[in-house]
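Only a predicted model underlies this, so the values are computations on that prediction, with no experimental measurement involved. Side-chain atoms are counted along with the backbone in the values below, which use heavy atoms only and exclude waters and symmetry mates.
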Amino acid sequence: MADEERWTIDTVPQEFWTRIESAGGDKQRFKEGIGQLSQEQLREMVAQFDGLTRALITSGFERFRPELREEATERLEELGNWVVTQGRAFYEDVLAHPEKFPVRSEIRRPIFAGAVIEEYTRRF
């Protein structure tokens, strides 16, 4: 099983969500919050983002709005990462109601998955 496949809403630790939610949508604050994580912890966080995003897309795809079902996988993953960035309650709402999965015009930066990769690249 790929590492990110083990990460779902039921398996991602609360600490993951706490880091996201305590940043309040501020990318710099989020990066400060992950600044002391080890190389392995940052890798794990990327896998957690990926797993949550894939679970969201896989479980809800058939109920997505028609225009979303035509999007490239990479675009859906970006949109899914944005959903994760909004915090656990928002994620759970979209997971339960896939028709709420956002279209491009509904998302705004930042997307914290990219910040994790930036931090990893900067340090390692």
Side-chain angles (χ1 to χ4, degrees):
M1 173 165 63
D3 195 38
E4 66 272 357
E5 289 176 7
R6 69 184 170 116
W7 295 116
T8 67
I9 190 65
D10 297 320
T11 60
V12 167
Q14 181 57 40
E15 182 177 38
F16 173 88
W17 296 108
T18 300
R19 283 191 176 101
I20 288 172
E21 292 164 0
S22 66
D26 183 308
K27 182 179 175 182
Q28 188 56 40
R29 186 184 302 164
F30 177 74
K31 286 175 87 171
E32 290 167 6
I34 63 171
Q36 299 302 315
L37 295 181
S38 69
Q39 184 175 19
E40 182 56 35
Q41 288 171 311
L42 289 172
R43 283 183 183 164
E44 197 77 349
M45 192 165 214
V46 169
Q48 290 165 344
F49 261 99
D50 289 347
L52 288 167
T53 297
R54 286 194 178 115
L56 190 65
I57 294 167
T58 302
S59 69
F61 186 80
E62 293 302 317
R63 289 179 42 205
F64 284 0
R65 293 179 260 184
E67 65 268 28
L68 282 169
R69 292 193 302 260
E70 296 176 13
E71 290 281 4
T73 301
E74 295 81 20
R75 172 60 71 177
L76 291 175
E77 289 172 352
E78 179 183 5
L79 298 170
N81 281 333
W82 180 83
V83 171
V84 174
T85 300
Q86 304 317 298
R88 185 178 180 128
F90 189 87
Y91 178 89
E92 286 179 320
D93 187 42
V94 174
L95 187 63
H97 305 282
E99 63 278 3
K100 293 182 178 182
F101 194 89
V103 294
R104 285 186 233 190
S105 63
E106 296 172 336
I107 70 165
R108 303 286 180 263
R109 299 286 182 210
I111 298 174
F112 288 166
V116 178
I117 294 167
E118 288 171 16
E119 182 66 15
Y120 183 90
T121 302
R122 183 184 70 77
R123 291 181 32 216
F124 305 106

*Can you say whether the rings of Phe49 and Phe16 are parallel (under 30°), tilted (30 to 60°) or perpendicular (over 60°)?*
perpendicular
Atom [atom1] in [X], atom [atom2] in [Y]: separation rounded to 0.5 Å?
{"X": "Leu68", "Y": "Glu99", "atom1": "CG", "atom2": "CD", "value": "11.5 Å"}
{"X": "Gln39", "Y": "Tyr120", "atom1": "CD", "atom2": "OH", "value": "3.5 Å"}
{"X": "Ile20", "Y": "Leu52", "atom1": "CD1", "atom2": "CG", "value": "8.0 Å"}
{"X": "Asp26", "Y": "Glu32", "atom1": "CG", "atom2": "CD", "value": "7.5 Å"}
{"X": "Lys27", "Y": "Arg109", "atom1": "NZ", "atom2": "CZ", "value": "9.0 Å"}
{"X": "Glu71", "Y": "Glu78", "atom1": "CD", "atom2": "CD", "value": "9.5 Å"}

_A quick test of your reading: do over 12 heavy atoms of other residues, nucleotides or ligands sit less than 6.0 Å from CD of Gln28?_
yes
_Gln41 atom CD, neighbour heavy-atom count above 12 within 6.0 Å_ = yes
For a 4.5 angstrom cut-off between non-hydrogen side-chain atoms, does [X] reach [Y]?
{"X": "Phe30", "Y": "Thr85", "value": "no"}
{"X": "Phe61", "Y": "Arg69", "value": "yes"}
{"X": "Glu92", "Y": "Ile9", "value": "yes"}
{"X": "Leu37", "Y": "Glu119", "value": "no"}

*Any sub-3.5 Å donor-acceptor pair from Glu106's side-chain atoms to Val103's backbone N or O?*
yes
What is the minimum heavy-atom distance between [X] and [Y], and which atoms define it?
{"X": "Leu42", "Y": "Arg123", "value": "CD1-NH1, 3.7 Å"}
{"X": "Pro102", "Y": "Arg65", "value": "CA-NH2, 3.6 Å"}
{"X": "Gly33", "Y": "Arg19", "value": "O-NE, 3.9 Å"}
{"X": "Lys31", "Y": "Ala115", "value": "CG-CB, 3.8 Å"}
{"X": "Ala89", "Y": "Glu21", "value": "N-OE2, 4.3 Å"}
{"X": "Thr53", "Y": "Gly80", "value": "OG1-C, 3.6 Å"}

*From the options Glu44, Met45, Arg54, select the one residue that forms a side chain to side chain contact (heavy atoms under 4.5 Å, CB included) with Trp7.*
Glu44
_If the test is ring-ring contact (aromatic ring centres under 6.0 Å, His included), which one of Trp17, Trp82, Phe101 qualifies with Phe90?_
Trp82
